[in-house]
Amino acid sequence: MSGYRSTTKLALASSQPSVKTVSEQPAIQVSNLSIVFDTNRGQMIAVDRVSFDVAAGEFVCIVGPSGCGKSTVLNTIAGLEVPFEGEILVEGSPVGHPRPDIGMVFQQPHLFPWKSVRRNIAHGPRMLGKSAKEAGAIADDLIAMIGLKRFADAYPNTLSGGMQQRVAIARALANEPRVLLMDEPFGALDAQTRAVMQDNLLELRDRIKATIVFVTHDIDEAIVLADRVLIMSAGPGRILREIAVNLPRPRSSAILIEPTYLALKRDCLEVIRAEGLRAFNQSDSS
Amino acid sequence: MEIGAEAIVQNQTPKRAAVTTGADRPGRRPSSGRFRRLNVLVGVLSIPLFIILWELTSRSGIVNMVLFPPPTVVAAAVLEWMRSGQFFWDVAASLYRVTAGFLLGSALGVLLGILTGQFPVVSSLLSPLFQILRPIPPIAFVPIVILWFGLSEAGKLFLVVWGVFFTVWLSTHIGVQKVDRGLIRAALMLGTPRRQMLQEIILLGALPYIVVGLRTAVSISFYTLVAAELAGTFAGVVYRIEIAQQNLQTGQVMGGLAALGLISFIADRLFAALAERTVWWR
Ligand SMILES: Nc1ncnc2c1ncn2[C@@H]1O[C@H](COP(=O)(O)OP(=O)(O)OP(=O)(O)O)[C@@H](O)[C@H]1O
Ligand SMILES: [Mg+2]
């Protein structure tokens, strides 16, 4: 068996929310990140001096209204959005171009239509110079992990949306990234599939070592998944509030009715409502 | 982008282009068995009926039989053509010109389409030029080709290559530009180096468009073949038609037309079958 399993055995001890230790270097450090787009209506500040850290192994969710710059922040950490102002360090080194130690799952699966499930997942390892055999073994492990053995040789257009997104996640994991960025990966799925996918992701997360930043506009999803939720505001995008989620793990979508959960959700909603009102009044008066 | 150009490619949706057969389109309400059988019957009778009608008209005396010979006369002319041994050489000469011109023109078209599609600098340099040259009908180049190449094969090749090139170039260029940005970003995040990006993502992403362009180019190569052989040569199906016309052998003229039609029909069918295999993931 190839390198993949051996590393996953050392799964992160994450049954408790991770605690930031002073000695440990954060996996992601974003300081004073600002992004300005040139549009035909002049310059538009999409992201305004955003700063946050993500500890190694931590699961952070970013929530915020549509258009507040969540994708832009994530793409910038991924190295897909240049130039930017401010500094981003991932695993201690600055980003500026895509790096194989940073994995990304997009809102759309973006699977290569001409490659079977196995070849899609093997693509990353192949590109990093692994032999076809090694890459195939890594892919087979991951296919077993996402429960799609029967579909290993299927082409993406024959899979359902949920299956495609699972393949996209496996494909991003195949390079064993230290940091996994996920941009509303379940946004296009129906409520049932979404709940299953969330449970799957939490299970997977217990087996990989990656630090995860997960963008969503669904507060329930954020609280179920995250150790910490960052709430963003719109126009220009800033971080409004940070909420630690101290719910016990392992979690599943069953916690959606627990009182502690509801209290957290109320906090989040209040922040968002206040911000919504502020934005509304502002746009009214201007 | 080039608006007219886009329309060309979009008119022939890549997905469907390879499979359209015209007769029974999916999505039509299934007609009752009786009607379906009637349709099949009429379909089978279509060509025989036409030939019988043609034979009767020609022999009825309404038209001049020398100018409008019946199918039996045409068939006799074709048989004579085959027996003389000229048929083989004519078809071989024409097929050679079409094939060589198609292959060369397509290779150049795909190569330059990738370059202009991928690199804005190359596109800025070449696209304006190509867009000016592209609309000139290849037939209009016959006079200058005769001046340049005389009656040589090079001139024939030039005309076919010229006709094929622009279509293939344009569809490749558009195909490359239309490759899903999301796929490229996903590939970037997986550590895909430049060369593999071209081979594994961009080329395959553009393939459905390229295939549509190539298929159009198959029929274009036959159009330009006509121009090329009319420009003067010593063998070829169209050349034979022209000679027959000068000798008022109308049967031979029509036989030549039928042969040309049949050959280009077979070429198109073969290419369609090939195309379906090329875009294997559809
Ligand atoms: N390439 C670009 N050029 C110009 N403006 C852009 C560009 N990309 C994003 N923007 C603008 O930046 C803002 C933030 O966009 P972004 O996609 O990051 O929002 P988002 O929070 O991810 O929204 P959603 O929840 O709808 O995905 C938007 O107002 C958008 O119009
Ligand atoms: Mg987004």
Side-chain angles (χ1 to χ4, degrees), chain A residues 71 74-75 77-82 95 97-117 119-130 135 138-139 153-159 164 167-177 179-183, chain B residues 1 9 13-19 26-27 110 113-114 117-120 171-172 174-214 274-282:
Chain A
S71 296
L74 216 61
N75 288 335
I77 300 175
L80 290 170
E81 196 78 68
V82 275
V95 298
H97 52 84
R99 281 162 38 177
D101 64 333
I102 306 175
M104 178 99 170
V105 178
F106 301 87
Q107 182 161 2
Q108 257 65 47
H110 292 317
L111 299 177
F112 307 125
W114 43 86
K115 290 183 184 242
S116 65
V117 165
R119 282 171 180 273
N120 259 284
I121 300 177
H123 181 84
R126 288 288 286 140
M127 293 301 115
L128 296 190
K130 293 225 161 63
I138 293 172
D153 294 312
Y155 284 91
N157 65 354
T158 63
L159 304 181
Q164 292 189 22
V167 176
I169 294 172
R171 185 178 64 173
L173 291 177
N175 280 344
E176 297 186 45
V179 167
L180 183 60
L181 308 172
M182 308 181 85
D183 189 0
Chain B
M1 232 184 62
V9 170
T13 337
K15 265 183 202 166
R16 281 289 156 85
V19 288
V110 169
I114 290 171
Q118 260 297 65
F119 306 105
S171 55
T172 308
I174 291 175
V176 167
Q177 299 220 312
K178 289 221 165 195
V179 174
D180 186 355
R181 303 290 313 158
L183 290 184
I184 295 176
R185 292 183 142 211
L188 277 174
M189 289 313 297
L190 294 169
T192 313
R194 259 187 111 78
R195 212 172 114 210
Q196 262 80 3
M197 186 67 87
L198 188 65
Q199 286 173 0
E200 298 207 14
I201 312 298
I202 292 174
L203 256 183
L204 287 176
L207 195 58
Y209 285 88
I210 298 178
V211 165
V212 170
L214 289 176
L274 201 73
E276 234 170 296
R277 235 146 274 166
T278 313
V279 188
W280 69 88
W281 60 92
R282 284 267 164 81

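Just so it is clear: chains get the letters A, B, ... in the order the sequence lines come, proteins before strands, and each one is counted from 1.
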Regarding B/R282 and B/E276, does a basic nitrogen lie under 4.0 Å from an acidic carboxylate oxygen? no
Indicate the ring-plane relationship of A/W114 and A/F112, choosing parallel, tilted or perpendicular according to the 30° and 60° boundaries. parallel
Just by distance, do the side chain of A/E81 and the backbone of A/N75 share a donor-acceptor pair under 3.5 Å? no
For B/L207, which atoms come within 4.5 Å of any heavy atom of chain A: side chain, backbone, both, or neither? neither
So, B/T192 side chain and B/A187 main chain: donor-acceptor pair closer than 3.5 Å or not? yes
Top contributor to chain B interface from A/P100, A/P156, A/A78 [non-hydrogen pairs under 4.5 Å]: A/A78
Within the 3.5 Å criterion, strictly below it, is a donor on A/D183 or A/S71 matched to an acceptor on the partner's side chain? yes
Report which part of A/R126 has an atom under 4.5 Å of a heavy atom belonging to chain B: side chain, backbone, both, or neither. neither
Using non-hydrogen atoms and a 4.5 Å limit, figure out which bit of A/L111 sits close to chain B: side chain, backbone, both or neither. backbone
Partner chain B: residue of A/R99, A/H97, A/Q108, A/R171 with the largest heavy-atom pair count (under 4.5 Å): A/R171
